[in-house]
Amino acid sequence: MNNFGHRYTGLIERYRDRLPVSESTPIISLGEGNTPLIKLHNLPKILKKNVDIYVKYEGLNPTGSFKDRGMTMAVTKAVEAGSKAIICASTGNTSAAAAAYAARAGITAFVLIPDGKIAMGKLAQAMMYGAITIQIKGNFDDGMRLVKEVADKAPVTIVNSINPYRLQGQKTAAFEIIEELGRAPDYHCLPVGNAGNITAHWMGYCESSATDVTKVTESCAFCEGHCKYAGSIVGNRPKMIGYQAAGSAPFIRGAMVDDPETIATAIRIGHPQSWDRAWKVMQESGGWFDECSDEDILVAQKLLAQYEGVFCEPASAASFAGAMRDIQSGKIAEGSTIVLTLTGNGMKDPDTAIAQCTGKSVMVQIPAELDAVRQAILNNLAP
Ligand code: AN7
């Protein structure tokens, strides 16, 4: 069987039957979704634990983060409803995605970003895609409050994750994972900011397991509906684990945080919009929240890059930082299959990356002469 002539055209087309669109909905897509699920080969050996770890590399979406999954839906529905402008507050990735999908749709994007606290690549994206970029003297939470207030007073559609279509699009990542593994993983770890993504993944897993059960009970030739699974949702769903940066960890404190701080600027959020829903996810899935220090996050980011060739941004590395600790302590059991969502591409934040990689072994400066190059090679070959 070959796939000649089959062009992937994005997650709405692929999962049309599980998303709120109709035949006449004008789909705004950049071919998002269908991201690689990469099995880690080297790091599990270093951890000396018998676990299967897969990373869902969402940094390979069209604007470099998982936000594209939600934004294709949110902008599609905004355009369908006749909206001419969208607005969001953002720590950077939502604004990049909103700007790109608005450009694609021929509408205006307004993005509110925290002054000086967004990674350079994300700022470049918002500006280059042509969004009206509004820097506020405040943090993400201030921006979110303002966006909610202004949307009542101006003709703009909010495309933050309080827009329900965002989570609808984002749930498709869970569908892709189940299709590739043939089942849900035992654990699914994500970095948490507003907690929209962890909520969306849980929705996706629940919807999938419900359809699987219906299929089993309807098509099973043996039990005629009398087996132990009949009428119930079988538990092929993961425990969901949410990791926050220690300086921005309202779910760990059990209360909102007013002055969130972390090097992982994407998750520098103290007032999560999906607070209640994320607690429910933990209750239903049997998972947990935990926190990671900035230092652990940066170590995890570098390990993924240098041992597996996978470059994610700092916020994304929180999922690996936390998982490493929980695998080592045995809280995540040996023999488990674990999926980590790497939410954004490392190239979004070159400043943080380069700052970690100074030092002789990484950057060698020499004269432009053959002998000096030869010597640099000999000095730096692995033993
Ligand atoms: C790389 O762009 O909130 O828990 O405004 O960019 O669903 O909020 C970004 C969030 C994780 C957290 N990783 O996801 C924004 C924004 C990366 C992110 C998160 C974000 P949620």
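For ligands, and for the atoms within them, numbers begin at 1 and follow the listed sequence.
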For this session: Please check if Y205 and F289 belong to a single hydrophobic cluster, counting links between Ile, Leu, Val, Met, Phe, Trp and Tyr side chain heavy atoms closer than 4.5 Å.
Result: yes

Exercise. Of all the atoms in ligand 1, which lie at a distance below 4.0 Å from a heavy atom belonging to T94?
Worked result: 2 (O), 5 (O), 15 (C), 16 (C)

Exercise. Is the closest basic N to carboxylate O distance between K56 and E176 below 4.0 Å?
Worked result: yes

Seminar exercise, completed: Logged contact type for N160 with ligand 1, heavy-atom cut-off 4.0 Å, is neither

Problem set entry | K67 touching ligand 1 at heavy-atom level, < 4.0 angstrom | yes

Exercise. Is the shortest side-chain N to carboxylate O distance from R14 to E32 below 4.0 Å?
Worked result: no

Problem set entry | atom 8 (O) of ligand 1: the protein heavy-atom neighbour that sits closest, reported with distance to 0.1 Å | N194 N, 2.7 Å

For this session: State whether D142 and K137 are salt-bridged, where the test is any N-O pair (Lys NZ or Arg NE/NH1/NH2 against Asp/Glu carboxylate O) under 4.0 Å.
Result: no

Exercise. Are any of the N/O atoms in A266 less than 3.5 Å from those in ligand 1?
Worked result: no

Problem set entry | Enumerated ligand 1 atoms positioned under 4.0 Å from heavy atoms of S90 | 2 (O), 5 (O), 15 (C)

Tell me which donor-acceptor pairs under 3.5 Å the side chains of residues 47-55 have, and how far apart each pair is, sequence neighbours excluded?
residue : atom : partner : partner atom : Å
D52     : OD1  : K39     : NZ           : 3.4

For this session: Could you list which atoms of ligand 1 come closer than 4.0 Å to a heavy atom of F140?
Result: 5 (O)

Problem set entry | Proximity flag S65 to ligand 1, non-hydrogen atoms under 4.0 Å | no

Exercise. Got a donor-acceptor contact below 3.5 angstrom from the S95 side chain to the G92 backbone?
Worked result: yes

Problem set entry | Minimum non-hydrogen distance to atom 19 (C) of ligand 1, winning option of I118, D349, I267 | I267

For this session: Considering heavy atoms of the protein only, find what lies nearest to atom 17 (C) of ligand 1 and give residue, atom and distance to 0.1 Å.
Result: T343 OG1, 3.3 Å

For this session: Would you please determine whether A195 falls within less than 4.0 Å of ligand 1 on a heavy-atom basis?
Result: yes

For this session: Below 4.0 angstrom from a heavy atom of G196, which ligand 1 atoms are there? Numbered from 1 as shown, please.
Result: 4 (O), 7 (O), 21 (P)

Problem set entry | K331 atom NZ, neighbour heavy-atom count above 12 within 6.0 Å | yes

For this session: Determine, step by step, whether K117 and E261 satisfy the salt bridge (Lys or Arg N to Asp or Glu O under 4.0 Å) criterion, reporting the C-alpha distance in whole Å, the side-chain angles of both residues, the deciding distance to 0.1 Å, and the verdict.
Result: CA-CA 10 Å; K117 291 282 187 177; E261 216 31 273; 3.4 Å; yes

Exercise. Going by the atom numbers of ligand 1, which of them fall below 4.0 Å from some non-hydrogen atom of V192?
Worked result: 4 (O)

For this session: State whether the shortest distance between N or O atoms of Q170 and N or O atoms of ligand 1 falls below 3.5 angstrom.
Result: no

Exercise. Can you name the side-chain hydrogen bond (donor to acceptor under 3.5 Å, both in side chains) partners of D258, sequence neighbours left out?
Worked result: H271

Problem set entry | Ligand-residue contact atoms, ligand 1 with G92, heavy atoms, under 4.0 Å | 2 (O)

Problem set entry | Part of I269 with heavy atoms under 4.0 Å of ligand 1, whether side chain, backbone, both or neither | side chain

For this session: Indicate yes or no: does K67 engage E58 in a salt bridge with an N to O separation below 4.0 Å.
Result: no

Exercise. Taking C-beta and beyond as the side chain, do C292 and I297 meet within less than 4.5 Å on heavy atoms?
Worked result: yes

Problem set entry | E313-ligand 1 polar pair, N/O distance under 3.5 Å | no

